[in-house]
Amino acid sequence: MATPDFILKLRAKIGHETLWIPGARAVVFDDAGRVLLGQRADNGQWGLITGILEPGEEPATGMLREVLEETGVVAAAERLVSVDAVGPTTYPNGDVCHFLTLVFRCRYVSGEARVNDDESLAVGWFGPEEFPALMPGHLESIERAAQPDGAAHFRG
């Protein structure tokens with residue numbers, strides 16, 4: 001499901017006005033150091049697996065849920081990479097959102113990477129030299145997640 005029910009209910013009340021939405025982004029590494037990427041169905045762009053957190057959902061749990069739902073891959077969260085304000089994003093229907101995005105470094109546990117829902121056109125593992133053009137900020141997230149020091153990054 002692309003848009004959670006709670007967002008649809010809010011949109012019915014406020015129309016296209018700006019929403020501040022909690023989201024998560026997963027940088028999933030396999031044992032070979034490759035990164036799990038998906039090509040989005042809504043805009044055709046490649047990027048990390050992302051999702052909107054449900055009300056009351058723990059961020060790491062919600063992010064791992066999104067990875068499984070979208071790719072069929074079971075992952076484990078290792079650490080917080082960064083907390084970023086992303087947006088504004090204006091969708092084709094006129095909806096405007098700003099996202100509070102928590103980026104997590106994750107490791108592959110099991111599963112075969114595949115298109116697992118209608119949110120992706122393609123899914124796969126890519127080494128750094130194989131990355132397609134990525135959505136803004138996604139390469140930066142990968143580079144931060146690959147850093148060995150483990151320090152979370154905060155803008156400002």
Side-chain angles (χ1 to χ4, degrees), residues 1-8 10-11 14 16-30 33-71 73-108 113 117 119-128 130-156:
M1 172 175 56
T3 304
D5 286 340
F6 82 96
I7 299 288
L8 296 175
L10 285 170
R11 286 285 176 212
I14 68 163
H16 301 299
E17 293 296 320
T18 302
L19 282 177
W20 179 244
I21 300 175
R25 183 183 295 171
V27 184
V28 183
F29 290 98
D30 70 4
R34 299 177 302 170
V35 177
L36 182 63
L37 300 174
Q39 184 182 23
R40 295 179 60 101
D42 61 354
N43 62 19
Q45 294 182 301
W46 282 91
L48 296 164
I49 308 307
T50 63
I52 295 172
L53 301 173
E54 296 285 338
E57 187 173 37
E58 290 293 331
T61 301
M63 182 261 321
L64 295 172
R65 172 187 53 76
E66 290 285 349
V67 170
L68 180 61
E69 286 176 0
E70 294 182 25
T71 71
V73 168
V74 175
E78 293 183 323
R79 67 177 170 88
L80 181 66
V81 172
S82 64
V83 178
D84 303 304
V86 178
T89 300
T90 302
Y91 292 92
N93 68 353
D95 288 351
V96 180
C97 300
H98 282 268
F99 294 93
L100 175 66
T101 301
L102 292 95
V103 180
F104 290 90
R105 177 191 167 102
C106 305
R107 65 179 163 75
Y108 167 82
D117 65 13
E119 293 186 47
S120 300
L121 300 174
V123 170
W125 295 99
F126 295 84
E130 304 168 315
F131 289 159
L134 297 173
M135 293 173 51
H138 287 225
L139 182 58
E140 183 179 25
S141 292
I142 294 168
E143 290 168 346
R144 286 192 182 130
Q147 294 174 358
D149 68 4
H153 179 266
F154 306 100
R155 294 185 200 274

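What you see is a predicted model; the values in this text were computed from it and never measured. Position 1 is the first residue of the sequence, and the numbers go up from there.
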Could you check whether any side-chain N or O of Gln39 sits under 3.5 Å from a backbone N or O of Gln45, counting only pairs where one atom can act as donor and the other as acceptor?
no
Qualifying residues under salt bridge (Lys or Arg N to Asp or Glu O under 4.0 Å), relative to Glu140, sequence neighbours excluded:
Arg144, Arg155
Partners of Phe6 by ring-ring contact (aromatic ring centres under 6.0 Å, His included), sequence neighbours excluded?
none
Distance check, rounded to the nearest 0.5 Å: Leu19 atom CG versus Thr89 atom OG1?
11.5 Å
Minimum-distance pair of heavy atoms, taken over all atoms of Val96 and Pro88:
CG1-CB, 4.1 Å
Considering non-hydrogen atoms only, spot the tightest contact between Ala152 and Leu80 and give its length.
CB-O, 3.7 Å
Please step through side chain to side chain contact (heavy atoms under 4.5 Å, CB included) for the pair Val67 and Leu36, ending with a clear verdict.
CA-CA 9 Å; Val67 170; Leu36 182 63; 4.1 Å; yes
Who passes side chain to side chain donor-acceptor pair (under 3.5 Å) against Arg40, sequence neighbours left out?
Asp42, Thr50
Val28 vs Leu48, side chain to side chain contact (heavy atoms under 4.5 Å, CB included): CA-CA, chis, key distance, verdict
CA-CA 8 Å; Val28 183; Leu48 296 164; over 6 Å; no
Report all side-chain donor-acceptor pairs from residues 99-107 shorter than 3.5 Å, counting only partners two or more places apart or in another chain.
unit_1	atom_1	unit_2	atom_2	d
Arg105	NE	Glu78	OE1	2.7
Arg105	NH1	Ala145	O	2.7

By side-chain contact (heavy atoms from CB on, under 4.5 Å) - contacts of Leu68 (at least two apart)
Val74
For Phe29, give me all partners under ring-ring contact (aromatic ring centres under 6.0 Å, His included), at least two apart in sequence or on another chain.
none
Distance col, row Glu70:CD vs Ser120:OG, nearest 0.5 angstrom, shows 5.0 Å
Using the test side-chain contact (heavy atoms from CB on, under 4.5 Å), find all partners of Glu130 that sit at least two apart in sequence or belong to another chain.
Phe126
For the CE atom of Met63 and the CD atom of Glu66, what is their distance to the nearest 0.5 Å?
10.0 Å
Would you say the rings of Tyr108 and Trp125 are close, in the sense that their centroids are separated by under 6.0 Å?
yes
Please report the closest heavy-atom contact between Phe154 and Val83, naming both atoms and the distance.
CE2-CG2, 3.7 Å
According to side chain to side chain donor-acceptor pair (under 3.5 Å), who are the partners of Thr71, at least two apart in sequence or on a separate chain?
none
What residues, two or more places apart in sequence or in another chain, satisfy salt bridge (Lys or Arg N to Asp or Glu O under 4.0 Å) together with Arg11?
Asp95
Is the shortest heavy-atom distance from the side chain of Cys97 to the side chain of Thr18 under 4.5 Å?
no
Let me see the working for Thr90 and His16 under side chain to side chain contact (heavy atoms under 4.5 Å, CB included), right down to the final yes or no.
CA-CA 9 Å; Thr90 302; His16 301 299; over 6 Å; no
Which residues satisfy the side-chain contact (heavy atoms from CB on, under 4.5 Å) test with Ala151, sequence neighbours excluded?
Asp149
Just jot down the side-chain contact (heavy atoms from CB on, under 4.5 Å) partners of Glu57, sequence neighbours excluded, or say none.
Leu53, Glu54, Arg65
Pairwise ring-ring contact (aromatic ring centres under 6.0 Å, His included) hits with a residue in residues 73-95, at least two apart
none
Smallest separation among heavy atoms of Ser141 and Val81, with atom names:
O-CG1, 4.1 Å
Can you confirm whether Gln147 is buried at CD, in the sense that more than 12 heavy atoms of other residues, nucleotides or ligands lie under 6.0 Å from that atom?
yes
